[in-house]
2 protein chains.
Amino acid sequence: MTVRIPCGALTTEHIGQIITLQGWVQRRRDLGGLIFIDMRDRSGIVQIVFDPEGSKDAFTTAERVRNEFVVEVTGEVIARAENAINDKIQTGHIEVKVETLHILNESKTPPFSIDDDAEVSEEVRLKYRYLDLRRPVMQNTFKIRHETSKAIRRFLEDKDFLEVETPILTKSTPEGARDYLVPSRVHPGEFYALPQSPQIFKQLLMVGGMEKYFQIVRCFRDEDLRADRQPEFTQVDIEVSFFEREAFLAMIEEMMIHVVDKVRGTTISGPFPRLTYAEAMARYGSDKPDTRFGLELIDVSAIVENSGFKVFSDTVANGGQVKAINVEGQAENYSRKNIDTLTDFVNRYGAKGLAWLKIENGEPKGPIAKFFEAETAGELLKATNAKDGDLLLFVADKPQVVADSLGALRLKLGKELDLIDEAQLNFLWITEFPLFAWDEDEARYVAEHHPFTMPMVEDIDKLETDPGAVRAQAYDLVLNGYELGSGSQRIHKREFQEKMFKLLGFSKEQAEAQFGFLMEAFEYGAPPHGGVALGIDRIVMILAGRTNLRETIAFPKTANASCLLTQAPSPVDEKQLDQLHIQLLRENERVE
Amino acid sequence: MTVRIPCGALTTEHIGQIITLQGWVQRRRDLGGLIFIDMRDRSGIVQIVFDPEGSKDAFTTAERVRNEFVVEVTGEVIARAENAINDKIQTGHIEVKVETLHILNESKTPPFSIDDDAEVSEEVRLKYRYLDLRRPVMQNTFKIRHETSKAIRRFLEDKDFLEVETPILTKSTPEGARDYLVPSRVHPGEFYALPQSPQIFKQLLMVGGMEKYFQIVRCFRDEDLRADRQPEFTQVDIEVSFFEREAFLAMIEEMMIHVVDKVRGTTISGPFPRLTYAEAMARYGSDKPDTRFGLELIDVSAIVENSGFKVFSDTVANGGQVKAINVEGQAENYSRKNIDTLTDFVNRYGAKGLAWLKIENGEPKGPIAKFFEAETAGELLKATNAKDGDLLLFVADKPQVVADSLGALRLKLGKELDLIDEAQLNFLWITEFPLFAWDEDEARYVAEHHPFTMPMVEDIDKLETDPGAVRAQAYDLVLNGYELGSGSQRIHKREFQEKMFKLLGFSKEQAEAQFGFLMEAFEYGAPPHGGVALGIDRIVMILAGRTNLRETIAFPKTANASCLLTQAPSPVDEKQLDQLHIQLLRENERVE
């Protein structure tokens, strides 16, 4: 009797058994009158052997076989000769002596070889994604993706959460990113929108008494794409009624610890550190700091405000900041030319320059050293904890520019100096976010997270007098410098939600037209509630050790939102547009 | 110390404990100077009591409380007085003596009461879906939905299937139902389509070596909606490489048995019966027969072809059929007037009339009885197994009309005569479907399932000579008269797929433009593969004992594809359309 077994599962235990395998030809070698084939399936690779003295038919067929042919073989598992044993692979002690071979499908020569070492452009990989997906590293990434979603689901299910599906064809709410729109055939001139998140529906589910909801759900944003954005992305969306922040954050921590355990088999422990937004910006110049290494930003404004170096003193006098990074022990390794490169780098973030000092014999050296009296110099060294051989880098500018430029420089130096332990997983909560952000283009406040976030109780009296200073009951979960997602306590009373829309510049009519149904729902016994949404793609990317979201998505879009495999988007029949009551803008009507 | 406990979980075991509850006010009664409130959360209901002699503050606040207010109470669990015990509810032996009461949110009087007996139109329920969702029957339905998806996932995960997500923004492939389209902002004049199913992507995943794939996934069809259709629906999509039909169907059966066990706690057993398409049409007039009752269709064409009743004999002579249903023991209960009603009913399905006979003293009676000689009458009775008191109903027409009208009549009578055991779950496979269906409008063959289905090997030689007679390697899973979904062995070679598109009337260029990437993928070692897709909404509907798909979807659309809660679809800003390079058709340009 023949038994069907995954290629990678064969071991010396199977010796003597007649088995049947199905899979792909990884490689064929003709050697000493025999044909050897490495046969591959999802489970791994096994060596199969054709001997013309054994089965002539199988041998003759095997001569036709090329890489990536799909074959079915039956044969006996035998021990390899001592000198042919390969300890590097699971099946390295055995091989299969083939008796029958069927070619299930042929293959042209693939444009790249199916292994992890293949050097091939991403464009070609995306066009032939079905070949790319056969590579071990991709197979492993999608196994990790599967295990991640599975671990999250099982954790939440065991905590009595219900997964409830919310609509993909929903209502356009222009607040936030651009919506993808879907014209309605039945309602001429009307459109559905694809959801940027199920935010409103999950809040309605709370009003509907679901109490503990989650969903692993696709969301959509028609944004200009960057390396770490996709038009569609997947998040785990979680919401609870009778929200209590400490219990909730502890549960999310427990969930992430569970995921890391299940997916990587490693143990991390809680509670995760917390930083306020203000502290994160001060120390790292970022609201999603990578805390796996130091190089923290140190505010030296108070020390240098009266120094003779006018760039510094004027900046402070004009309400700006002077901050430094101490690049320990690197004074010798950074020449002027190197530092010029760093200066070019911070220029991109708006910084006008990068001042520097090197410490020698307990004293700062360099072109600007002369501006600092001994006392100031001493204070600078003390504040930055600078010792001989250290390099101090300074940016003096408006606080936002200082944060952006030194924050980015810190990350660049962290990588450049190999300060980051890639195996480490540094989870971190950022709390006390500002409720509003000032939008220069629209000359109004917009919601930093979304318009449904509760302000901190102690800041409510500043809502009208000083909106920019109001902090939100919101928190982001950060991992290794990536924002995994954010959550908040939501508004659950009509009057408060109305007030929020007013502060965001909505007229009463606009608020009613767009969100009237939600505010009405709040009038019928809406419980206090809150939750979080975490990006699955990004979690998988980090856990799989990849650096690009596209690596975690089976059929991703490129930076211009195209699918290189299927050629989506594509032109459609005019008849289809007619049915949808739309037509294309003529060339001359197009708005750029 | 206070402990937070779900309302419905309180039992006599908690007597003496001080607990905190959060939930909704189901009902308030003022009785004998006390206030009694039924307090509800997702877990159930518990009675709480306010005594002015106990906590004056709580009592005073309780006087303000109305139905659906959200409250938090703390108090002691006490035993109810003997005469106040309610055995009908879990918590009927205890109540909570409230010490503190907080009103977390108020509620206007809801438009309908939050219980299962509420008589309320579906329109109002959908507008206030968040209130409707609080009703126990809805809470239970979404628990069943959750448990169904969970059982399916865990089953497949344990069988080593990987869940892989496929794109929602994909390419329009006009074959099949109408696509929902999404205009691209980045590519003027181009569109994404929402997937009618992940069919092509799951096949590409097989080419990509995933071997065992599943996904619980949203799909979209812009169809004219019927009671059992929604613009978006959820299916469990399963595909395997090296597909072997018997093993695959057995696994799907095992999965459904597992789901029924987990969700309903009942045991059903396999193997599920199988009917060929031809047999199902012959015996039930339907390719998705409800086999929970008899009333099968009996072909009497050969018996009546030479009878004196010209309606019958002419029909047979012209290539039509005469079929009968024996409505056992119902001769007396169906008056001429009743039968007229049934005649009106079959007219709707195209039947020109409904002939009938009643059996008395071993002989057929009725207006047409005189046309049948004793021998023919005897054969009729024998073929239909008719006995005294039985009613025979006949339709004579083209086979399709006979099937449609008698098939529908059979279902109507099954319900009317209460022949259906609602507790029963009759799973059934329908096999040997036709590969093609003739499309009258387009005057060409279209794919009965989809263009990727393999024909049965024994029919391949008829592909060009007699396409209508070619059967597919396809199978539908049917439950209680509903099609849960269908599956097939797929085509995995380029030449065969090209041939199929040609047979479906595609030009070489059309096939290449729409499906060239798939055919190209088949050239690079595509394994033989096949799978199935089953509708989750429909499975849940049946398992939850509901009769409408809308009951199984948290935020469904109405028959004209609107959301009554959010008012989607809706008009959007012209600016949004400009960005998408489209404009509305002017009134006079509209195509009806």
Side-chain angles (χ1 to χ4, degrees), chain A residues 22 24 42 68 70 104-105 107-108 110 130 133-134 142 146 162-164 167-172 180 182 184-187 189-192 204 207-209 211 218 222 231-232 242 517 521 523-528 554-555 560-561 565-566 568-572 578 581-585 591, chain B residues 22 24 42 68 70 104-105 107-108 110 130 133-134 142 146 162-164 167-172 180 182 184-187 189-192 204 207-209 211 218 222 231-232 242 517 521 523-528 554-555 560-561 565-566 568-572 578 581-585 591:
Chain A
Q22 292 161 324
W24 285 263
R42 203 176 87 184
E68 299 309 314
V70 187
L104 299 175
N105 212 350
S107 175
K108 297 204 294 194
Y130 44 86
L133 289 173
R134 288 186 199 161
F142 288 94
H146 172 79
L162 288 185
E163 186 160 22
V164 182
I168 298 288
L169 291 170
T170 173
K171 184 186 163 102
S172 182
Y180 280 104
V182 182
S184 164
R185 182 176 53 83
V186 184
H187 304 273
E190 300 190 356
F191 293 78
Y192 305 96
L204 290 169
V207 183
E211 291 185 34
R218 203 71 56 83
D222 187 7
E232 47 185 309
F242 312 113
F517 62 95
E523 295 184 277
Y524 289 101
F555 301 101
N560 73 353
L565 170 57
T566 64
S570 57
V572 298
D578 281 348
H581 321 286
I582 60 170
Q583 58 187 334
L584 301 182
L585 278 184
V591 182
Chain B
Q22 293 160 323
W24 286 263
R42 200 177 88 183
E68 300 308 315
V70 187
L104 299 176
N105 210 350
S107 175
K108 298 206 291 195
Y130 45 86
L133 289 173
R134 288 185 199 161
F142 287 94
H146 172 78
L162 288 185
E163 186 159 24
V164 181
I168 297 290
L169 291 170
T170 172
K171 183 186 165 100
S172 181
Y180 279 105
V182 183
S184 164
R185 180 177 54 82
V186 184
H187 304 273
E190 300 191 358
F191 293 79
Y192 305 96
L204 289 169
V207 183
E211 291 186 33
R218 203 71 57 82
D222 187 9
E232 48 185 309
F242 312 111
F517 61 97
E523 294 184 276
Y524 288 101
F555 301 101
N560 73 354
L565 169 57
T566 62
S570 58
V572 298
D578 281 348
H581 321 286
I582 59 169
Q583 59 187 331
L584 301 181
L585 279 183
V591 181

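Residue numbers begin at 1 in each chain, while the letters A, B, ... track the order of the sequences. Values reported hereafter were calculated over all heavy atoms of this structure, with side chains retained and with hydrogens, waters and symmetry mates removed. A quick note: this is a predicted structure, and the numbers were derived from the prediction, not measured.
- For A:R218, the part lying under 4.5 angstrom from a heavy atom of chain B is the side chain only.
- Contact of the A:I582 side chain with the B:L584 side chain is registered, since non-hydrogen atoms from C-beta on lie closer than 4.5 Å.
- Of the residues considered (B:H146, B:E68, B:E163), B:H146 shows the highest number of contacts with chain A, using heavy-atom pairs under 4.5 Å.
- The parts of B:R134 that come within reach of chain A are both its backbone and its side chain, each placing non-hydrogen atoms under 4.5 angstrom from that chain.
- Interface remark: B:V207 contributes backbone and side-chain atoms alike to the contact with chain A (heavy atom separation under 4.5 Å).
- Pairing each heavy atom of B:E232 with each of A:L169, the nearest pair is OE2-N, 2.8 Å.
- The two residues B:Y192 and A:Y180 have their closest heavy-atom pair at CE1-CE2, 4.1 Å.
- A side-chain donor-acceptor contact under 3.5 Å links B:H187 to the backbone of A:N560.
- Across B:Q22 and A:F242, no two heavy atoms sit closer than the pair OE1-CB, 3.1 Å.
- The shortest non-hydrogen separation linking A:W24 to B:G209 is CH2-CA, 3.8 Å.
- Note on B:I168, B:L565, B:V182, B:T170: by heavy-atom pairs under 4.5 Å with chain A, the leading option is B:I168.
- Taking A:N105, A:V70, A:L133 one by one and counting their heavy-atom pairs under 4.5 Å with chain B, the maximum is reached by A:N105.
- Contact annotation: the side chain of A:P569 never approaches that of B:F191 to less than 4.5 Å [non-hydrogen atoms, C-beta and beyond].
- When all heavy atoms of A:E211 and B:R42 are compared, the pair lying nearest together is OE2-N, 2.5 Å.
- For chain A, the nearby parts of B:P527 are the backbone and the side chain; heavy atoms of each come within less than 4.5 Å.
- Contacts with chain B were tallied for A:S172, A:S184, A:S570; A:S570 has the most, counting heavy-atom pairs under 4.5 Å.
- Only the side chain of B:V186 has a heavy atom closer than 4.5 Å to any heavy atom of chain A.
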